[in-house]
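Heavy atoms only: backbone and side chains are in, while hydrogens, waters and symmetry mates are out.
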Amino acid sequence: MAKKILILILILILNAAVNIQSSLNAAFSAAVFENGTKISKGVMLQAYPMKTISTAALNEGDIVYFINPTDLWAYEVNVLPENSYFRGYIEMLKMPVKGINAAMVIKITEVILPDGSVKKMNATVTQNGSRQIGGNLAPPASYNKIVHPREGMYWKRAGVLQYVPSGDYEMGLHITLPTSDAVYIILDEEYNSASDNIKRENMH
């Protein structure tokens with residue numbers, strides 16, 4: 001009788017261990033799958049303009065597109081397939097003025113996948129590490145000659161002629177992003193490839 005009770009207890013312990021292990025495996029699998037569908041905030045995604053983007057031909061609010069050149073995998077999930085389109089708009093646009101080049105900020109609001117489905121994305125196009133494209137100083141229009149004296153036993157107070165900007169700058173230039181130049185899109189929010197699709201009529 002005692003032997004039968006002992007066998008029954010062992011069977012119950014084994015079943016409990018199996019159930020616990022199955023639950024842990026299921027939880028781990030779910031966690032991996034969930035993590036494998038997401039791209040974290042702050043990640044930079046390489047892309048190329050679908051058409052040449054220029055401050056000379058655009059206005060604030062105009063729609064622009066970029067293409068994803070390669071698959072992006074997380075675990076076994078292709079979270080961002082090759083040839084997906086990033087859809088965005090010109091959020092800010094400044095025309096060139098004397099001394100300062102044109103500038104623009106491009107926001108990305110959706111990703112259009114190769115199968116036609118649309119996912120929400122909150123991101124900004126960057127160039128040279130800046131979220132504002134352009135807006136840098138134009139070249140100086142002229143230079144002044146200034147003599148800087150040198151002192152020392154070998155120089156005997158000989159002067160060095162240097163050219164410094166006069167303070168007058170050239171007219172700024174328009175900014176252009178050609179289709180051959182890669183840009184980087186930085187995620188302002190986490191992107192989840194498993195999120196619900198957006199209807200095209202609800203696209204920004």
- [ ] Applying side chain to side chain donor-acceptor pair (under 3.5 Å), name anything that partners Y65, two or more places apart in sequence or on another chain.
- [x]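 Once residues adjacent in sequence are excluded, the partners of Y65 under the side chain to side chain donor-acceptor pair (under 3.5 Å) criterion are R87.
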Taking only distance into account, with no hydrogens and no angle test, what donor-acceptor pairs under 3.5 Å do side-chain atoms of residues 43-54 form with protein atoms, sequence neighbours excluded?
unit_1	atom_1	unit_2	atom_2	d
Q46	NE2	Y184	OH	3.4
S54	OG	A56	N	3.1
S54	OG	T176	OG1	3.4

Quick check for you: to the nearest 0.5 Å, what is the distance between [X] atom [atom1] and [Y] atom [atom2]?
X	Y	atom1	atom2	value
I106	T124	CD1	OG1	10.0 Å
N78	E76	CG	CD	11.0 Å
S195	K120	OG	NZ	9.0 Å
E110	Y89	CD	OH	10.0 Å
I198	M121	CD1	CE	10.5 Å
K41	I186	NZ	CD1	9.5 Å

TODO: List the steps and the verdict of side-chain contact (heavy atoms from CB on, under 4.5 Å) for T109 and N122.
DONE: CA-CA 5 Å; T109 53; N122 183 358; over 6 Å; no
Task: Heavy-atom pair of closest approach, residues V105 and Q132 - done: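 Of all heavy-atom pairs spanning V105 and Q132, the closest is CG2-CA, 4.1 Å.
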TODO: Taking all heavy atoms of L93 and all of L58, pick out the closest pair and write down the distance.
DONE: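 Heavy atoms only, the tightest pair is CD2-O, 3.0 Å.
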Path from [X] to [Y] over hydrophobic side-chain contacts below 4.5 Å:
X	Y	answer
F66	L113	yes
Y85	I185	no
V118	V79	no
I67	Y191	no
M95	M92	no

Open item on the list: Applying side-chain contact (heavy atoms from CB on, under 4.5 Å) to E190 and I39, what does each step give before you reach the verdict?
Closed with: CA-CA 6 Å; E190 180 182 75; I39 307 175; over 6 Å; no
Open item on the list: When you compare the side chain of D196 with that of K119, does any pair of heavy atoms fall below 4.5 Å?
Closed with: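 A side-chain contact under 4.5 Å is absent here.
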Open item on the list: Is there a side-chain contact between L177 and Q127 in this structure, where contact means two heavy atoms from C-beta onward sitting under 4.5 Å apart?
Closed with: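 Side-chain contact under 4.5 Å: yes.
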Using atom types as modelled and distance alone, determine if a side-chain donor or acceptor of [X] lies under 3.5 Å from a backbone N or O of [Y].
X	Y	value
D62	N59	yes
S84	N68	no
D71	E82	yes

Task: D115 versus S117, side-chain donor and acceptor atoms under 3.5 Å - done: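 Side-chain D/A pair, S117 to D115: present.
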Open item on the list: Regarding K107 and D188, does a basic nitrogen lie under 4.0 Å from an acidic carboxylate oxygen?
Closed with: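 A salt bridge is present here (some side-chain N lies under 4.0 Å from a carboxylate O).
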Open item on the list: Run I90 and V64 through side-chain contact (heavy atoms from CB on, under 4.5 Å) and show every step you take.
Closed with: CA-CA 7 Å; I90 307 298; V64 291; 4.1 Å; yes
